[in-house]
Amino acid sequence: MISVDEHLESILAAIPTLPAFAQTLLDAQGCALGADVACRVDLPPFDNSAMDGYAVIADDVAGAGPDTPVTLPVVGDIAAGASRAYAIRPGMAVRIMTGAPMPHGADAVVPVEDTDADTTRVRVDRAAAAGAYVRRRGSDAHAGDLVVEAGTVLTPRHISALAAAGHGRVPVHPRPRVVVLATGSELQPPGTDLGDAMIFDANSFGLAASAREAGAIAYRVGIVPDDPRQLLDLLEDQLVRADMVVTSGGVSVGAHDVVKEVLSRLGTVEFREVAMQPGKPQGFGTIGNDATPIFTLPGNPVSAFVSFEVFVRPAIRRLQGMPTDDRTRVAAVAATSWRSPDGRRQYTRVHYEPPADGQPLGTVTPVGGQASHQVSDLAGANALVVVPESATEVPAGAQVETILLDDLPGSVRAVAR
Ligand code: AMP
Ligand code: MG
């Protein structure tokens, strides 16, 4: 058996990051930026008004106050989007809207609230300092300034800044296309009437969902019976659209373990026993002319889920140019005791309860059955506890390393680290 860390390391050594290419801004959301992106123009691109009001020369209204109003002729009206033809001389005002270009000569804006709002002769009731309510060209950023750094995973805030900076497309590492298929002649699609000795296919759905959650575009191919010819044909068909292939089932030592049989013959996939529970039988390698990475996960749904979490998710993130280990890890206290196999790292499915008021740590309780076919209990878990290889028992009250599977509120994360 090899360790989890060794197996993961050998996988990541074989996974490249997909080259970045230009994508439209909304398609780029959630992807990692492939290069530094700079501002195309000054922001704001020109001096403009921060208020609806009157552009003036500050000196002209220096003495204005409630009892000493200053009245100025209004010589024009500038709307947002109007070209910059206006200029004023001392003793004049121009009505101006928020975002409209400042007229030449003006150096301050008097908000409409500080006037009588007249459109021919305006009464100003309050002084304005030079620069008041003027948004200077370049006061946010200058052309050439860095807006978003390479490697940043683009959120709505970045999309907004990139758009403002003038970019219709930006280079990002694309979402990998991950083909997911489940092998097993006993499998039937959910939503059908279950036949004798058949079970519903959980894995092609669960793994496709996990792939999507990791940022991939998942192609759920569905069920392949335990037949070598059919599996080979299907893999060949699917390779054209795959940046990665994930299979489940057929990797143990049973008589009809078709994945192992077929892929062993090709000689590019290595089947290994990894010192973990669940998920001992693992296969990883490449197939096809483009050496597409392929993961062959065990068939038990819980094993498949945990294997994905531990090995496939980091690989999908590597393809996207993102840090491979993004899950929040917290210390928590075991609410009960449980056993763990000697020499294997256990990923215990638990329910994590955030810290109660005044407590430093949250608690974890194993969910129902821990056997690797107990997929309905998996639904009750929101975290995995990592029990080290050397431990054979987790005593109640012990502090344990916990991987949070769901995005939890910020308060939990804050306590966590
Ligand atoms: P295998 O790895 O093919 O030997 O499968 C191990 C166990 O997982 C068997 O009990 C299978 O019936 C079950 N299994 C395999 N694939 C799936 C699947 N897609 N959905 C649910 N159970 C599965
Ligand atoms: Mg099988």
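Every heavy atom of this structure was used, including side-chain atoms; hydrogens, water molecules and symmetry mates were not. We're numbering straight along the sequence, starting at 1. Counting starts at 1 for both ligands and their atoms, following the listed order.
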Among Gly222, Ala182, Pro298, Gly299, the residue with a heavy atom nearest to atom 15 (C) of ligand 1 is Gly299
Option of least heavy-atom distance to atom 12 (O) of ligand 1 (set: Lys260, Gln188, Glu186, His256) = Glu186
Which of the numbered atoms in ligand 1 are under 4.0 angstrom from any heavy atom belonging to [X]?
{"X": "Asn203", "answer": "16 (N), 17 (C), 18 (C), 19 (N), 20 (N)"}
{"X": "Pro301", "answer": "21 (C), 22 (N)"}
{"X": "Ser252", "answer": "2 (O), 4 (O)"}
{"X": "Ile199", "answer": "12 (O), 21 (C), 22 (N), 23 (C)"}
{"X": "Asp201", "answer": "18 (C), 19 (N), 20 (N)"}
{"X": "Phe200", "answer": "20 (N), 21 (C)"}

May I ask you to test the Trp338-Thr348 pair for a side-chain heavy-atom distance under 4.5 Å?
-> yes
Is it true that [Y] and [X] share a donor-acceptor pair across their side chains at a distance under 3.5 Å?
{"X": "Ser307", "Y": "Gln282", "result": "yes"}
{"X": "Asp342", "Y": "Thr392", "result": "no"}
{"X": "Arg220", "Y": "Ser204", "result": "yes"}
{"X": "Glu6", "Y": "Ser3", "result": "yes"}

Side chain, backbone, both or neither: which part of [X] has a heavy atom under 4.0 Å from ligand 1?
{"X": "Leu187", "answer": "side chain"}
{"X": "His373", "answer": "neither"}
{"X": "Ile223", "answer": "neither"}

Measure from NZ or CZ of Arg272 to the centre of the six-membered ring of Phe284 and say whether it is under 6.0 Å with the direction within 45° of the ring axis.
-> no
Applying a strict 4.0 Å limit to heavy atoms, is Gly250 in contact with ligand 1?
-> yes
Does CG in Asp290 sit with more than 12 non-hydrogen atoms of other residues, nucleotides or ligands closer than 6.0 Å?
-> no
Quick one: look up the protein heavy atom nearest atom 20 (N) of ligand 1 and list residue, atom name and how far away it is.
-> Ala202 N, 2.9 Å
For atom 6 (C) of ligand 1, what's the nearest protein heavy atom and its distance?
-> Asn300 N, 3.8 Å
Can you tell which of Asn382, Asp377, Val350 makes a side chain to side chain contact (heavy atoms under 4.5 Å, CB included) with Val367?
-> Asp377
Kindly indicate, with the supporting measurements, whether the criterion side chain to side chain contact (heavy atoms under 4.5 Å, CB included) is fulfilled by Thr119 and Arg95.
-> CA-CA 7 Å; Thr119 55; Arg95 198 155 81 108; 3.7 Å; yes
